[in-house]
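See structure below.
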Amino acid sequence: MRTTIRTLEKYKREGRPITCLTAYDAGFARLLDAADIDVILVGDSLGMVVQGHDTTLPVTIEQMIYHLEAVARGARRALLMADLPFLGDRDSATAVEQGGALMRAGAQMVKVECRGSQSELVHRMVAAGIPVCAHLGLTPQAVHQYGGYRVQGRGVVAAEQMQAEARALEVAGAQCLLLESVPELLATRITHAAGVPVIGIGASPECDGQVLVLQDVIGLTPKPPRFAQDFMAGAGSLAAAIAAYADAVRSRRFPVSGVHTFD
Ligand code: KIV
């Protein structure tokens, strides 16, 4: 049976951790489905791990659609989430148009990187019928504004601001939040306060779910980020590595506080 947003809400209520991985083609989508991964994210990280760029910025909406359609042909069970690429959020008309194109290509939810206040834009997307996951914290499309891939939300002011943004995005209609590279305590607070599922990456073991980039999990990234773990080591096969990741998330053995998270 297809995973839907209702399934994720139920998992949050029940305290069952949500498993999420990225995929960019039909073959890996099939493997992730077979391992019972709940959410497949067709991330614009494809610009880095598939295309070999240093950032996600070069990825276009046409490329997102190409990879999403391939994943949609491979996945029958997981909820499919896709990224709105760089500048897809330049105004709400563009966000609705590009978000709509992703939905037509098979997405069940569109992830929007939210720097500053994006609640009006998210509200318009939701009003147009596009389910939105709001990505907060380190939003990789802003890498040049940060001057590198840096932890976000450190210090009282920044933490309070992120908590207020998370609340505003939920009120605007976001049905899921994703927190990337934020201090563990802040991620825990946002997760406990949120009425919608919160998925973390470099965030907190207390998040309702965890996501990693597939290439980091299967040992294909030369210098993986600190919050990742190579599950291929000792696994013997790709299927076993993905199953080990799913099992570690579901049993809350991944992420380890202080090892894959930040103060
Ligand atoms: O593009 C992506 O893969 C992402 C994850 C790192 C969350 O946004």
Side-chain angles (χ1 to χ4, degrees), residues 5 8-9 11-13 15 17-18 20 41 43-44 56 81 83-84 86 88-92 95 109-127 131-212 225-228 252 254-263:
I5 182 60
L8 304 188
E9 289 164 354
Y11 288 175
K12 179 180 175 83
R13 280 196 306 276
I18 297 161
C20 177
L41 169 64
D44 59 358
T56 60
M81 189 188 289
D83 265 337
L84 198 64
F86 181 54
D89 61 353
R90 61 184 173 270
D91 53 52
S92 39
M109 181 167 274
V110 174
K111 180 163 76 60
V112 181
E113 292 193 10
C114 296
R115 304 166 296 283
S117 179
Q118 290 281 50
S119 44
E120 180 58 28
L121 181 121
V122 166
H123 172 72
R124 284 179 191 262
M125 291 178 75
V126 172
V132 171
C133 172
H135 181 157
L136 288 164
L138 194 168
T139 50
Q141 291 168 12
V143 59
H144 296 311
Q145 287 176 320
Y146 302 140
Y149 294 99
R150 294 169 184 277
V151 177
Q152 300 296 304
R154 278 202 166 124
V156 177
V157 174
E160 282 176 359
Q161 206 176 331
M162 201 182 294
Q163 287 177 91
E165 270 168 31
R167 181 75 200 124
L169 287 160
E170 191 180 333
V171 170
Q175 287 178 283
C176 183
L177 301 177
L178 187 144
L179 301 177
E180 176 167 354
S181 294
V182 301
E184 181 176 333
L185 184 61
L186 174 59
T188 300
R189 283 201 182 126
I190 292 176
T191 302
H192 290 169
V196 297
V198 179
I199 298 177
I201 174 166
S204 166
E206 295 277 312
C207 287
D208 302 308
Q210 304 295 333
V211 59
L212 284 179
R226 160 177 161 184
F227 51 68
R252 296 201 187 268
F254 178 85
V256 176
S257 177
V259 175
H260 306 110
T261 65
F262 301 100
D263 294 331

Measuring from atom [atom1] of [X] to atom [atom2] of [Y], what distance do you get when rounded to the nearest 0.5 angstrom?
X: Leu136; Y: Gln161; atom1: CG; atom2: CD; result: 11.0 Å
X: Gln152; Y: Ser181; atom1: CD; atom2: OG; result: 8.5 Å
X: Ser119; Y: Arg124; atom1: OG; atom2: CZ; result: 11.5 Å
X: Leu169; Y: His135; atom1: CG; atom2: NE2; result: 12.0 Å
X: Glu165; Y: Arg167; atom1: CD; atom2: CZ; result: 14.0 Å
X: Glu113; Y: Leu178; atom1: CD; atom2: CG; result: 9.5 Å

Does [X] use its side chain to pair, donor to acceptor, with the backbone of [Y] at less than 3.5 Å?
X: Gln175; Y: Gly173; value: no
X: Lys12; Y: Thr191; value: yes
X: Glu170; Y: Gly195; value: yes
X: Arg154; Y: Asp263; value: yes

Closest approach of [X] and [Y], non-hydrogen atoms and distance?
X: Gln210; Y: Gly200; value: OE1-O, 3.2 Å
X: Gly15; Y: Pro17; value: O-CD, 3.4 Å
X: Met162; Y: Gly153; value: CE-CA, 3.6 Å
X: Cys207; Y: Ala187; value: SG-CB, 4.3 Å
X: Val198; Y: Ile190; value: CG2-O, 4.5 Å
X: Gly258; Y: Glu184; value: N-OE1, 3.7 Å

Got [X] and [Y] here, is their nearest side-chain heavy-atom distance under 4.5 Å?
X: Phe262; Y: Val182; value: no
X: Arg252; Y: Pro205; value: no
X: Ile18; Y: Pro197; value: yes
X: Pro140; Y: Glu180; value: yes

Cationic N near anionic O, under 4.0 Å, Arg13 to Glu9: no

Contacts of Ala142 meeting side-chain contact (heavy atoms from CB on, under 4.5 Å) (sequence neighbours excluded), chain-then-number -> Arg115, Thr139, Gln145, Tyr146

Applying side-chain contact (heavy atoms from CB on, under 4.5 Å), can you list everything that pairs with Ala95, at least two apart in sequence or on another chain? Leu84, Leu121, Met125

Consider side-chain contact (heavy atoms from CB on, under 4.5 Å). Of Asp208, Leu177, Leu8, which one does Val196 pass it with? Leu177

Should the pair Phe254 and His260 be assigned to parallel (<30°), tilted (30 to 60°) or perpendicular (>60°) ring geometry? tilted

Among Asp44, Thr56, Asp89, which one satisfies side-chain hydrogen bond (donor to acceptor under 3.5 Å, both in side chains) with Gln141? Asp44

